[in-house]
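Order of the sequence lines fixes the chain letters, A, B, ..., with proteins taken first and strands second; residue numbering starts at 1 for each chain. Predicted, not measured: the structure shown is a model, and the values here were computed from it.
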Protein chains: 2
Amino acid sequence: MVSRTSDLTPDATLLKSFLILAEELNFRRTAERLAIDQSALSRRIKKLESLLDYKLLERTTRDVALTAAGQELCKGLTPVLTDYAHSVEAARRVAEGKTGRVRVAYMAFAATEMVPQTVARFQQQYPDIDLELRYIRTQGQKMALANDEIDLGYMIGPFDNAEYHSLQLADERLYVVTPKNHALLRKHTLSPRDLKDEKLVLGDMEEWGEYRWKLEDVFSQHGMRLSPALEATNTLALIGLVAAGLGITIYPESLLNFLGRRVEARPVVHPDFRSKTVLVWKRSNRSRAVLNFVEVSRHLQVRG
Amino acid sequence: MVSRTSDLTPDATLLKSFLILAEELNFRRTAERLAIDQSALSRRIKKLESLLDYKLLERTTRDVALTAAGQELCKGLTPVLTDYAHSVEAARRVAEGKTGRVRVAYMAFAATEMVPQTVARFQQQYPDIDLELRYIRTQGQKMALANDEIDLGYMIGPFDNAEYHSLQLADERLYVVTPKNHALLRKHTLSPRDLKDEKLVLGDMEEWGEYRWKLEDVFSQHGMRLSPALEATNTLALIGLVAAGLGITIYPESLLNFLGRRVEARPVVHPDFRSKTVLVWKRSNRSRAVLNFVEVSRHLQVRG
DNA sequence: TTCGATTAATGCATATTACGCATTTATAAA
DNA sequence: TTTATAAATGCGTAATATGCATTAATCGAA
């Protein structure tokens, strides 16, 4: 199945033969156009007529003319065949991922750069795809993927599951965020143990979700407890609390530009103090459009 | 080709198989509905996919699901196939003469009873036929038939031509029309020689056309000249002239009811003094609707 | 009228295609 | 692991479509 021309649309051969004959009103010429023997065309028409059980053409050896029924069928069939071809092509565009719908969820860390850039590039490359974006935190994305409510999720990784593909797109440092003039700022880079006695201000479970679990994990691995002096339900409020000197917090690199000027940040240089962002989708999701989105995302990752 | 069910519409088998499978999402059940082997269905779908060059269904041995392209095709194809079926059936109605157009011309002698009765019956029997009626004199009808501007003509006969069918529908006496108290009225029936010395008032060539030629012919066969004392361009005027005593004229039986009360009529009893009305159509016109009209006309003739 | 040219239809052998049956392969439940 | 069930595949056969050669019909020119 190599060549694919519009006349390959399945099995309208009889009808198309008839329509061309209705145009030419000459069996020999029509057969030539169809690249078949004249006798084959003759039989095709005969077969069509016997299937329909009414005559489409009056023919002598000299003249060929449409019957009234033939005219009617010709008139009715022409739009049907073009609609048919259009349906087939529309489906082909979907198959090729040029049309259709892609539902993408993202969490905060991907929202600042990764998602905007990918979306911009994707829409430029596939302008006819209906792209649906939703902000959902990592946990919710897992549910949504399982329920087929979304096709793709940018979530906090890692995520390893036999039913899903997972593509790591970022692996960024975590930063300690402090008020201005904080003692920790004297060093340009920090190590985990520098955090030992610091008071922490964290987003609550509702707000931080998976990130919070991740931090708990990292801290415990380093013999520390992630016991917040304060919890905030809102990011702006949280930064405000830090700025006011009520404690420090921990942010991924991608959000540093959104901290404002009342706080400072220093990287924690340690393999555990990193946050991975992964793009996840179901293995069973064979949608070409979805895979195209993944490809666009993958290519941008190199740059980012 | 005896049975004719809607699923006989030529060669949409692959598409229909796909649509039913899209409904059932189960090869075995679908194959049952199609009354073929499951393997055949499997191959049909495979063939359809290879023709289209994209997958329509994701299938494991356990689950069958439409791909996005499959959904799209299914959505687009459903109306296409119903339109297709409708086109075929519309053409069938034309083929059966239940739909379509019949263009009928008639001349005066048929206008009073024959055409109205036939039209009434025909429209009752074939309400969806678009019936076009035109008043055209015999000569014009012959032109119109030749040029395919009309399908049928009620004309003054006889009309014998190898390319046309001709059906005689009436053979009526000619009547002499006189003013009241005219000498000829003393006899209840006339013979041709009674007309020998009468002054004639006739329609002119434009108005009477073929009828006028016919009268010339009849008169000459009986050794008389058809030399009108007056010619009228209008029927009403003509009757007026007769009533005023300026001469007599000759009318077919079918028009007697339209003479008014100022004139009287007597039949000329002679085989030559008759007017035949024939219904004529091209042999090459195979339109079922036209033939149906002829049949209706033929049956009414018996009554008339 | 006859002959030549042209057209659609048909007989026949062949190639292609579709099908059913039997079997295999894959998956979910027990 | 076994069992049951579903879709896919190998293979032989039947149905179908095609091309070539020929026939039958019709028009136009000699």
Using a 4.0 Å cut-off on protein heavy atoms (strictly under), produce a 5'-to-3' string for nucleotides 25-30 of chain C with B for base contact, S for backbone-only sugar-phosphate contact, and - for none. -BBS--

Within the pair [X] and [N], is there a side-chain N or O less than 4.0 Å away from OP1 or OP2?
X       : N      : value
A:Lys47 : D:dA17 : yes
A:Arg44 : D:dT18 : yes
A:Lys46 : C:dA9  : no

Looking at [X] and [Y], what are the two nearest heavy atoms and their distance?
X        : Y       : result
B:Gln38  : B:Ala31 : CA-CB, 3.6 Å
A:Val80  : B:Ser87 : CG2-OG, 3.8 Å
B:Arg288 : B:Val94 : CB-O, 4.4 Å

Measure from [atom1] on [X] to [atom2] on [N] and round the result to the nearest Å.
X       : N      : atom1 : atom2 : result
B:Glu58 : D:dA7  : CD    : C1'   : 14 Å
A:Asp37 : C:dA13 : CG    : P     : 17 Å
A:Leu57 : C:dT7  : CG    : P     : 16 Å
B:Leu21 : D:dA6  : CG    : C1'   : 13 Å
A:Ile36 : D:dC20 : CD1   : P     : 12 Å
A:Leu48 : D:dA17 : CG    : P     : 12 Å

If you go through the side-chain atoms of B:Ser39, does one of them form a donor-acceptor pair with the base of C:dC19 closer than 3.5 Å? no

Without swapping roles, check the side chain of B:Arg137 against the backbone of B:Glu210 for a donor-acceptor pair under 3.5 Å. no

Indicate, with a heavy-atom threshold strictly under 4.0 Å, whether A:Arg43 touches base, sugar-phosphate, or nothing. base

Please work out if B:Leu41 contacts a base, only the sugar-phosphate, or nothing of the nucleic acid, heavy-atom cut-off 4.0 Å. nothing

Could you go through the salt bridge (Lys or Arg N to Asp or Glu O under 4.0 Å) check for B:Glu96 and B:Arg93 one step at a time? CA-CA 5 Å; B:Glu96 290 171 353; B:Arg93 282 190 296 277; over 6 Å; no

Side chain to side chain contact (heavy atoms under 4.5 Å, CB included) with B:Val104: which of B:Thr118, B:Val119, B:Leu131? B:Leu131

Testing B:Val278, B:Asn285, B:Val280 for side chain to side chain contact (heavy atoms under 4.5 Å, CB included) with B:Tyr164, which one passes? B:Val280

Which of these nucleotides, C:dG20, D:dC20, C:dA8, is closest to any side-chain atom of A:Val64? C:dA8

With the side chain of A:Gln38 defined as its heavy atoms from C-beta on, choose the nearest nucleotide among D:dG19, C:dC19, C:dA8. C:dA8

So ring pair (Phe, Tyr, Trp, His ring centres under 6.0 Å) across residues 126-146 of chain B, not counting sequence neighbours, yields B:Tyr106-B:Tyr135, B:Phe122-B:Tyr126

Give me each pair satisfying salt bridge (Lys or Arg N to Asp or Glu O under 4.0 Å) with a member in residues 146-170 of chain B, each pair once, sequence neighbours excluded. B:Arg103-B:Asp151, B:Asp148-B:Lys282

Identify, residue by residue, the members of residues 25-32 of chain A with a heavy atom below 4.0 Å from DNA chain C, and return them in order of residue number, or none. A:Asn26, A:Phe27, A:Arg28

Per-helix bend value, the helix from C:dT1-D:dA30 to C:dA30-D:dT1, C1' rotation axes over five pairs per end, 10° rounding, shows 20°

List in chain and number order the residues that pass ring-ring contact (aromatic ring centres under 6.0 Å, His included) with B:Phe109, two or more places apart in sequence or in another chain; answer none if no residue qualifies. B:Tyr211

For side chain to side chain donor-acceptor pair (under 3.5 Å), just list the numbers for B:Tyr154 and B:Ser297, CA-CA rounded to whole Å, side-chain angles, deciding distance to a tenth of an Å, and then say yes or no. CA-CA 10 Å; B:Tyr154 286 92; B:Ser297 202; 2.9 Å; yes

Within a radius of less than 6.0 Å around CE of A:Met143, do more than 12 heavy atoms belonging to other residues, nucleotides or ligands occur? no

Note: for A:Ala40 and B:Ser42 on DNA chain D, the residue whose nearest nucleotide lies more 5' is B:Ser42

